[in-house]
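Just so you know, these numbers come straight off a predicted model, no measurement behind them.
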Amino acid sequence: MLRYTNVRHRLTLWYVAVFGLMLLLFILGATMLEYWQLTRQMYHAEIQDVETAEGLLAFAPDGRLVLHEEYHNYPQSILLLDRYMEVLTPEGHVLLRNNKLQGRDLGGPPFPGEGLASYQQRSYHQRRVRLADGTRLLLISHIHAIGSQPLLIRLAYSSAPIEHGVLQFVSLLLLAVPPALLLAGVAGYRMARKALQPLDNMAQRAETITASDLDQRLPIENPNDELGRMARVLNELLQRLQNSFETLKRFTADASHELRTPLSSIRSVGEVGLQRLQTPEQYRDIIGSMLEEVTRLTEMVDGLLSISRADAGQVVLHRTRFSALGLAREVVALLGLLAEEKGQQIQIEGDADLSVNADRVVLHRGLANIVENAIKYGPGASCISILVARTGNYVDISVEDRGETIQEDLREKIFERFFRIDVSRSRQAGGSGLGLAIAKWAIEVNGGSVSLQPGQHGGNLFLVRIPAASSGVT
């Protein structure tokens, strides 16, 4: 049933359970220690009693062994009333048994070494025995000589007083367990409530956050504890969600605007063409204009689909090792005709042995978008330079045009979706505002980076940096 209670109750119950277990372990340890101490005290009392009894033992004229109890002046100091005593020869012949035994055997026949070892070392054998009626005793054995006659003296006390004392001790401790657990439960609940109060505050604040006010953040009372770390992580999550929502809203607005423009152009051209009769050449011009807008619309939709698949992680990379210079030549061969139409020249330099390990198709598209951007926005009859070189563990592919240098504060934004420096100029060039965004994704997904710098001869330089392959070209 614990899973149906809240965390505060579960923490309290666990705290009480752990405290109760520790309390029981403490009681067990204290009981064992108390029992050991009482047993040790009883053995010590038995040793003193044996030493006293040794001085009271003597042989009568008829050869009997007697215990002279009349030597005690104070009866209250005599311990003989509570003790069980038996005196034997080393061979096991009983010489004396006190009345307490009532003729019963105490400890059985002497075991090997019980007498001699104790006598030589002046020590005492300690053991537990049980009488025929079930009485449990603590027994000590000691060798004592009267004249030349060695005697084995056995003396025992009942362990019932110890057991009774330990039972009272345990009872007193157990009586304290319920109020102790109750106090522990109250204290544990208050501690859990205080410890989880920041979590309640965060939950209350989180319940008020909606998609329209993602700028709110959870309160952080102590940034150094676990709850503070959780609040910090959730705030970072909210920040990412806020950025994603803002990007999505901006993307949706830009996409709606960009898609509306070619559709409006197609509709306007078609309506103008239908207002009056046209010659075949004029109809061809009208259809050609509509097809240009359709082409631009198709490119934009393809770009949006590519970005959507990239954001969803649906693009699977197939990495191979290939020459970076060979890739650049493929891109130039693809876009050479577009450059020739503007009278531009593309120069390629680099080491053919420099290779990268990447998805050739994806990287080809990214580099092609950068080169196409240089061709579109570069002036006619200009030169575009492509250089492949190695820098440390990376292969750099730089694309430099001779167009108008982009301002420093716009160099990062140039890779954002639908961003244009000059909207009218971009439309004239036929751009959709997605080429560089797709290029940035295609390069970064292959472990590389792309940046924009001022060109050495004016214009702009796009620097593509891809991790170099270890060796070999395929």
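The main-chain N or O of Cys383 is never found under 3.5 Å from a side-chain atom of Gln347 such that the two would form a donor-acceptor pair. Distance alone, capped at 3.5 Å, places no donor-acceptor pair between the Lys342 side chain and the Pro379 backbone. For the pair Asp401 (side chain) and Asn460 (backbone), a donor-acceptor distance under 3.5 Å is present. Not a single donor-acceptor pair under 3.5 Å links the side chain of Arg190 to the backbone N or O of Ala192. In terms of modelled atom types and a separation under 3.5 Å, the side chain of Thr12 and the main chain of Gly185 share no donor-acceptor contact. Looking only at distances, no side-chain donor or acceptor of Ser382 sits under 3.5 Å from a matching main-chain atom of Gly378. Under a 3.5 Å cut-off, the side chain of Thr405 and the backbone N or O of Gly458 do not form any donor-acceptor pair. At least one donor-acceptor pair under 3.5 Å links the side chain of Glu400 to the backbone N or O of Gln456. Between the Thr391 side chain and the Tyr394 main chain, no donor and acceptor come within less than 3.5 Å of each other. Under the 3.5 Å distance criterion, the side-chain polar atoms of Asp359 are matched with a main-chain donor or acceptor of His318.
Interatomic distance, Leu410 CG to Gln407 CD, rounded to the nearest 0.5 Å: 5.0 Å. Annotation: the span from His364 atom NE2 to Asn369 atom CG amounts to 10.0 Å, rounded to 0.5 Å. To the nearest 0.5 angstrom, Ile386 atom CD1 is 8.5 Å from Ser398 atom OG. Here Leu234 contributes atom CG and Leu241 contributes atom CG; the two are 10.0 Å apart, rounded to the nearest 0.5 Å. Atom CG of residue Leu28 and atom CG of residue Leu33 lie 11.0 Å apart, to the nearest 0.5 angstrom. Note that OG of Ser449 and CD1 of Ile466 are 7.5 Å apart. Values are rounded to the nearest 0.5 Å.
Note on ring orientation: taking the six-membered ring where Trp is involved, the planes of Tyr189 and His9 are parallel (angle under 30°, cut-offs 30° and 60°).
Counting only heavy atoms from C-beta outward, the side chains of Leu327 and Phe322 approach each other to under 4.5 Å. Looking only at side-chain heavy atoms (C-beta outward), Trp441 and Val362 come within less than 4.5 Å of each other. Looking only at side-chain heavy atoms (C-beta outward), Met230 and Met202 come within less than 4.5 Å of each other. Val332 is listed as a side-chain neighbour of Ile348, based on a closest heavy-atom distance under 4.5 Å. Under the 4.5 Å side-chain criterion, counting only non-hydrogen atoms from C-beta, Ile162 is in contact with Met42. Counting only heavy atoms from C-beta outward, the side chains of Gln126 and Leu139 never approach each other to under 4.5 Å. Between Thr135 and Arg130, the closest side-chain pair of non-hydrogen atoms is not below 4.5 Å. Residues Leu155 and Tyr84 have side chains not in contact (no heavy-atom distance under 4.5 Å, counting atoms from C-beta outward).
Salt bridge status for Glu281 with Arg284: present, with a side-chain N to carboxylate O gap under 4.0 Å. Salt-bridge annotation for Lys440 and Glu416: absent, with no side-chain N of the basic residue lying under 4.0 Å from a carboxylate O of the acidic one. Ion pair Arg465/Asp396 flagged as a salt bridge, since at least one NZ, NE, NH1 or NH2 atom sits closer than 4.0 Å to an Asp/Glu carboxylate oxygen. Salt bridge status for Asp200 with Arg8: present, with a side-chain N to carboxylate O gap under 4.0 Å.
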Going through the checks in order, is the side chain to side chain contact (heavy atoms under 4.5 Å, CB included) test met by Glu444 and Phe415?
-> CA-CA 12 Å; Glu444 290 182 347; Phe415 297 102; over 6 Å; no

Kindly determine whether Leu325 and Leu354 satisfy side chain to side chain contact (heavy atoms under 4.5 Å, CB included), including the steps that lead there.
-> CA-CA 7 Å; Leu325 185 61; Leu354 294 178; over 6 Å; no

Report the C-alpha distance between Met32 and Trp36 in whole Å, list the side-chain angles of each, state the deciding distance to 0.1 Å, and finish with yes or no for side chain to side chain contact (heavy atoms under 4.5 Å, CB included).
-> CA-CA 6 Å; Met32 295 176 63; Trp36 177 79; over 6 Å; no

Ile286 and Gln278: side chain to side chain contact (heavy atoms under 4.5 Å, CB included), yes or no, with the steps?
-> CA-CA 10 Å; Ile286 293 174; Gln278 307 285 344; 4.1 Å; yes

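Counting non-hydrogen atoms of neighbouring residues, nucleotides and ligands closer than 6.0 angstrom, the CG atom of Asp133 exceeds 12 such neighbours. Heavy atoms of other residues, nucleotides or ligands lying less than 6.0 angstrom from CZ of Arg390 number more than 12. Remark: Gln345 CD is loosely packed, at most 12 non-hydrogen atoms of other residues, nucleotides or ligands lying under 6.0 Å away. Atom CZ of Arg232 is surrounded by more than 12 heavy atoms from other residues, nucleotides or ligands within 6.0 Å. The local environment of CZ in Phe26 is sparse, with at most 12 non-hydrogen atoms from other residues, nucleotides or ligands closer than 6.0 Å. No more than 12 heavy atoms of other residues, nucleotides or ligands lie within 6.0 Å of CZ in Arg267, so this atom counts as exposed by the packing criterion. Under a cut-off of 6.0 angstrom, the local environment of CG in Leu277 is sparse, with at most 12 non-hydrogen atoms contributed by other residues, nucleotides or ligands. Applying the 6.0 Å contact sphere to CD of Glu341 captures more than 12 heavy atoms from other residues, nucleotides or ligands.
Defined by atom type and a distance below 3.5 Å, a donor-acceptor pair is present between the side-chain atoms of Arg217 and Gln242. Side-chain atoms of Asn201 and Gln197 form a donor-acceptor pair, as typed in the model, at a separation below 3.5 Å.
Closest of all the heavy-atom pairs between Ala368 and Leu335 is O-CD1, 3.4 Å. The two residues Arg402 and Ser385 have their closest heavy-atom pair at NH2-OG, 3.7 Å. Of all the heavy atoms in Ala439 and Gly366, the pair that sits closest is CB-O, 3.3 Å. Across every non-hydrogen atom of Ala328 and Val388, the tightest pair is CB-CG2, 4.5 Å. For Ala30 against Leu173, the heavy-atom pair with the smallest separation is CB-CD1, 4.3 Å. Nearest approach of Val16 to Ala184, heavy atoms of both residues: CG2-C, 4.2 Å.
The side chain to side chain contact (heavy atoms under 4.5 Å, CB included) test with Leu363 is passed by exactly one of Ile443, Val331, Leu317: Ile443. When each of Asn373, Ile346, Ile370 is checked for a side chain to side chain contact (heavy atoms under 4.5 Å, CB included) with Val399, only Ile370 meets the rule.
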